[in-house]
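Below is one structure, written out as structure tokens, with a few remarks after it.
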Amino acid sequence: MTDHPSPLAPDLIRMRAIVKVYPPNVLALDDVTVSFDDGEIHALVGENGAGKSTLMKVLYGLIHQDGGEILYQDRSVRFRTPGEAIAAGIGMVHQEIVLVNEYTVWENIVLGAEPVDWLGRIDETRSRQQVQAIIDQFHFDLDPDAQVDDISVAARQKVEILKLLYRKVSVLILDEPTAVLTPQEIPQLFAELRELRDEGHTIIFISHRLEEVLALSDRVTVLRKGRLVATVPAAGTTRAELAELMVGREVLFTSRRTPQEPGEVVFAVAGLRYEDGRGRVRLKDVTLQVRAGELVGVAGVEGNGQFELVNAITGLLKPTAGTIEVAGEDVTAAPVLERRRHIAYVPQDRGRMGGSLPASVVENAIMTHHRLNAELVRWRGLLLDNGAARRFTDRLAEAFAVSMPSRSSPLRSLSGGNQQKVILGRELLLDSPFILLDQPTRGLDVGSIEYVHDQMLAMRGAGRALLMISANLEEIFMLADRIVVLHRGEIVADVPVEQASIEQIGRYMLEGNDATL
Amino acid sequence: MNVVTGLINGAISGATPILLAALGGAYTFYAGVFNIAMEGMLLMAAFCAVWGSFTFGSWVAGVLLAIAGSLVLALIFIFFAVFLDTDEFVTGIALNIFTLGATTYLLRQSFGVKGVYAGPGIDPIPSLNFPLVAQIPVVGPILSGQNLMVYVAVLATIASAFLVFRTRFGLRLRAAGYNAASLDSSGVPSNRLRAYSLLLCGVLCGLGGAFLSLGYVNLFSENMSAGRGWISLAAIILVSGNPWGVAIISLLFGFADVLGLLLQSYQVPSQFTAMTPYIATLIALYFYARRQRKERDYADA
């Protein structure tokens, strides 16, 4: 594993000894040297905070390096704005899609470089023709007149790519493009990216999904904690090798789940139905049970009723029909606090639902506990016992290996992984028989994901009932005993993991009951 | 001139300053600026118009100074809210309060009077008469004989609708409000569009203010904008900035204005009649909120 040793390859971009310091003293990039060849697909991998996005933002002119030099086509360049980078032929598609939902596909593509007539009026005919021409050239399947609001996430991503192609970029930087796609959509994106490469484009692909990196790219550059670890050819490199380079130690990918006979039914929903204000059915006769010592994974394309299911369970939404029982108690109409006695809940959004970013670690740690745990309050709940709250936080930080500047620091100052540990720890310390986890590892790095998974499996071993919603099928297959697929608010499959395959579950996610096996 | 024609003409006069300010505010609305400074801009413009008209003896100078005065406020807004990224609401409040004090002070300093200045030296904005048009039965007396600024407002409505919905500028302007990040990543700084929108707002409020003090009446009185800037804000929010909608809502407010005056002749105390535009605002907001709620339920679905 050495630096790519090909002096003959034409370096299109050479980033030399790049240093970036985020004030006050975070060294985000530490002397990183990497080069990208003309016409290759080059993956950048690393854990969260490894510096992959920072490196690309430096190249793209979004942020500026504190040291080092960028050579592009053998000339030293320093783009002040993304606009300059695009004009020079380097474009970036960000992780979160930034399109104007209110506009059509073609309007989004031409925005900022619109063909106009002498009055400044947009030349719609010419715009449409030009957009259609690029769509045809690269065989993208897209309607230029569709409103962005109405098209799928995968299609929106294509619009982002087309927007750059319309501006004639030759280098495309893609920041975690597969994170928002379903398993079925990924091969198509990869085929399109390969076609772009074959037409002479250079593609830089940021990802932490190693199997995708190996499937798609020609070379892989690994970053760890702001430093370059290695650049290796994808061919002949294994996933385990890459993971080891990324994390700096060996990582296990196989399921550590041990077979275990589930116990009593702890959590049961029956005939759950929800119609929204417009009369549309968002949940349709959802019946589901989770037993003690069992972990059930809910798979599904986002927006197929997961949100409503979670909110119905936690009491944020009133179901139209059906019942919810936890530990033998009917909580269908119970207020939120009452449910919290039986339900631990790890929401998908750490900063909004899970905790309060400006509040301190202590305050975040005792949320809910302050209502349920008499040790944390005095005078019948009128006063908080701050000493007890601090001791409780220390206990949580110790048990869940939270690394933080101090107890009184705002939650915001912790890394994503540590924020999630605080919230996970708080919920697991509730000692509830039922644990609901909504995308518990979203946005976490490999090390933190491993930790969260370990904790979940420990809870399963301790006889809790766990229900996990995840957009990551691999995660579900690693952890779950049973997989449930939600499609348009309906459970279309409920199978033990041993009898399921990723392809089959993926088909259920997309086609629902029409999935032919 | 019969009563109905009189009512309509009154409504048009009442609507004009609101319409001009609301068109200006519509640009900032589309650009995603929460701009509440129309009130201050109208008032500053009204004062500068009278001062310019009196000093130079020409309504043209008055209108130009009105635009200049309003633009100064727009530039201050841009400097703070766009450039320094201060809170738009606080910036707007500060400008409005500042203008109220500044115009009151300047009135005393320039004309040595308190409350109102209505000297004969103020040259008013003329009305336009189209003799042929005036002959047309029923609509003739409405289409002809209006103040110049009324026609300007009509043209501004048409121009705004064209600019916002058909041009490159409009596409970028709306993108700045819908999703600034998207516009920025398209290589167009959204802040630049915000600044442009505020400048346009300054010009239009300048025209609106000039009409207030040189067209609607021919004098300057303290706080003479009297909430019209706020009403224009309500009009914008009610129709989400659409220039045609803004025109209709402004006419409705203008009608409420006239209604207030009419009620006065039926012995209703003027303090009550002065409330009608604001009551109309609350009623409009009620219907707006109901519609919004329905749409939200729809969107949640």
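Chain identifiers are assigned alphabetically (A, B, ...) following the order of the sequence lines, protein sequences preceding nucleic acid strands; residue numbering begins at 1 within each chain.
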Crowding at [atom1], [X] (>12 non-hydrogen neighbours, <6.0 Å):
{"X": "Phe162(B)", "atom1": "CZ", "answer": "yes"}
{"X": "Leu84(B)", "atom1": "CG", "answer": "yes"}
{"X": "Phe80(B)", "atom1": "CZ", "answer": "no"}
{"X": "Phe83(B)", "atom1": "CZ", "answer": "no"}
{"X": "Arg167(A)", "atom1": "CZ", "answer": "yes"}

Kindly indicate, with the supporting measurements, whether the criterion side-chain contact (heavy atoms from CB on, under 4.5 Å) is fulfilled by Ser185(B) and Met92(A). CA-CA 9 Å; Ser185(B) 76; Met92(A) 180 162 173; over 6 Å; no

Can you say whether [X] sits under 4.5 Å from chain B via the side chain, the backbone, both, or neither, judging by heavy atoms?
{"X": "Glu160(A)", "value": "neither"}
{"X": "Ala87(A)", "value": "neither"}
{"X": "Phe307(A)", "value": "neither"}

Side-chain donor or acceptor of Arg172(B) paired with backbone N/O of Gly112(A) under 3.5 Å: yes

Quick one: of Val116(A), Ile86(A), Val110(A), Leu119(A), who has the most non-hydrogen atom pairs under 4.5 Å with chain B?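 The option with the most such pairs is Val116(A).
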
Find the distance between CZ (Arg168(B)) and CG (Asp123(A)) and round it off to the nearest 0.5 Å. 11.5 Å

Here the gap from Asn108(A) atom CG to Leu183(B) atom CG, rounded to the nearest 0.5 Å, amounts to 10.5 Å

Select, from Asn179(B), Thr167(B), Leu171(B), Val188(B), the one with the greatest count of heavy-atom pairs under 4.5 Å involving chain A.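 Result: the option with the highest number of such pairs is Leu171(B).
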
